[in-house]
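The next block holds one structure in the form of structure tokens; read it before the comments.
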Protein chains: 2
Amino acid sequence: MPIDRELMKGSLDVLLLALLENGPMYGYQIVKEVRSRSEGLLDLKEGTLYPALHRLEKAGWIEGFWQARADGADRRYYRLTARGVAAAQQKRAEWRQLVAAMEGILR
Amino acid sequence: MPIDRELMKGSLDVLLLALLENGPMYGYQIVKEVRSRSEGLLDLKEGTLYPALHRLEKAGWIEGFWQARADGADRRYYRLTARGVAAAQQKRAEWRQLVAAMEGILR
DNA sequence: CTCATATACTTTGTATAACAAGGTATGAGT
DNA sequence: ACTCATACCTTGTTATACAAAGTATATGAG
């Protein structure tokens with residue numbers, strides 16, 4: 001049973017920035033990585049991910065670059081920019097604040 | 001600095017159901033309660049709350065009832081229905097699953 | 001050889017949520 | 001009188017996650 005779609009809203013940016021802190025990744029890899037790391041709980045859809053990546057790129061937090069391959073289609077990797085590194089930290093902190101505030105009420 | 005609006009999405013239902021587990025509350029009271037309990041971090045707007053309450057009522061999770069007052073305007077209290085009690089537990093569990101899954105990636 | 005599947009990126013349209021901004025009305029304090 | 005806090009509500013805007021579809025290549029099953 002996947003998580004309600006509305007719950008995910010807003011969490012995606014934090015999630016993507018945090019993932020890319022560990023180094024560049026390409027879209028399809030992110031989809032599978034999130035799915036496996038969350039044991040299927042977070043089932044990120046491609047129609048969600050790719051627009052999100054473009055959004056983050058437009059915001060100047062990540063930048064994409066094509067990596068050619070002999071076999072299969074080329075991959076578009078994304079890495080954090082300098083501003084992206086700062087945004088990742090800021091947004092992670094904000095996320096944790098939300099969780100703390102929520103827990104204060106859910107307790 | 002309040003939390004980014006998009007981060008809140010989906011969290012509101014969980015929050016409201018959890019609050020009403022402690023007994024009936026009226027709208028304006030909820031606004032102030034959330035604000036104070038989260039130390040201003042969660043600044044719930046009335047334009048957000050009232051539609052949300054109507055939505056939860058329509059879903060059959062809460063029910064509203066007017067409480068007349070001699071002084072001041074009448075208050076519309078909301079209480080959990082039987083189905084609402086179940087929904088509150090289910091949604092709290094879902095929220096905690098999301099937090100756990102996110103932490104697995106943010107760590 | 002053909003077909004299905006997995007990989008890999010993309011776009012269009014839909015549902016819905018949070019909010020800004022406004023409205024209505026009452027009672028208390030200055 | 002006027003402002004403020006209380007108390008409820010609605011309309012319009014913006015943004016997001018997703019379904020559904022499309023494009024293209026490589027691989028394996030039949």
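On a predicted model such as this, the values are computed, not experimentally measured, just so you know. By convention in this document, chain letters (A, B, ...) are assigned in the order of the sequence lines, proteins followed by strands, and residues within each chain are numbered from 1.
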4.5 Å side-chain heavy-atom contact, A:Arg96 and B:Leu106: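 Yes, their side chains come closer than 4.5 Å.
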Flag side-chain contact, heavy atom, 4.5 Å: A:Leu44 against A:Leu12: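 Yes, their side chains come closer than 4.5 Å.
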Using a cut-off of less than 4.0 Å, is there contact between a side-chain N or O of [X] and OP1 or OP2 of [N]?
{"X": "B:Arg75", "N": "D:dT6", "answer": "no"}
{"X": "B:Tyr50", "N": "D:dC8", "answer": "yes"}
{"X": "A:Arg55", "N": "D:dT14", "answer": "no"}
{"X": "B:Lys45", "N": "C:dA21", "answer": "no"}
{"X": "A:Lys9", "N": "C:dT16", "answer": "no"}
{"X": "B:Arg69", "N": "C:dG27", "answer": "no"}
{"X": "B:Lys32", "N": "D:dA5", "answer": "no"}
{"X": "B:Tyr28", "N": "D:dC8", "answer": "no"}
{"X": "B:Arg76", "N": "D:dT6", "answer": "no"}

Would you mind reading off the distance between [X] atom [atom1] and [N] atom [atom2], rounded to a whole angstrom?
{"X": "B:Asp4", "N": "C:dC19", "atom1": "CG", "atom2": "C1'", "result": "12 Å"}
{"X": "A:Glu57", "N": "C:dC9", "atom1": "CD", "atom2": "C1'", "result": "13 Å"}
{"X": "B:Leu53", "N": "C:dC19", "atom1": "CG", "atom2": "P", "result": "14 Å"}
{"X": "A:Glu46", "N": "C:dT7", "atom1": "CD", "atom2": "C1'", "result": "9 Å"}
{"X": "A:Ile3", "N": "D:dT16", "atom1": "CD1", "atom2": "P", "result": "19 Å"}
{"X": "A:Trp66", "N": "C:dC9", "atom1": "CH2", "atom2": "P", "result": "6 Å"}
{"X": "B:Asp74", "N": "C:dT26", "atom1": "CG", "atom2": "C1'", "result": "10 Å"}
{"X": "B:Lys58", "N": "C:dA15", "atom1": "NZ", "atom2": "C1'", "result": "13 Å"}

DNA chain D contacts among residues 10-26 of chain A, heavy-atom distance under 4.0 Å: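 Per residue number, the list reads A:Gly10, A:Leu12.
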Plane angle bin for B:Tyr77 and B:Tyr26 - parallel if under 30°, tilted between 30 and 60°, otherwise perpendicular: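 Taking B:Tyr77 first and then B:Tyr26, their aromatic rings stand perpendicular (interplane angle over 60°).
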Between [Y] and [X], does any NZ, NE, NH1 or NH2 come within less than 4.0 Å of an OD or OE carboxylate oxygen?
{"X": "A:Arg37", "Y": "A:Glu33", "result": "yes"}
{"X": "A:Glu21", "Y": "A:Arg79", "result": "no"}
{"X": "A:Glu94", "Y": "A:Lys91", "result": "no"}
{"X": "B:Arg35", "Y": "B:Asp43", "result": "yes"}

Sugar-phosphate only, base, or nothing, as touched by A:Gly47 at under 4.0 Å among non-hydrogen atoms: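 The residue A:Gly47 makes base contact.
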Working for side-chain contact (heavy atoms from CB on, under 4.5 Å), residues A:Arg55 and A:Asp13: CA-CA 9 Å; A:Arg55 185 160 40 86; A:Asp13 290 11; 2.9 Å; yes
Given DNA chain D, 5'-ward residue of the pair A:Ala52 and A:Asp71, judged by closest heavy atom: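 It is A:Ala52, whose closest nucleotide lies nearer the 5' terminus.
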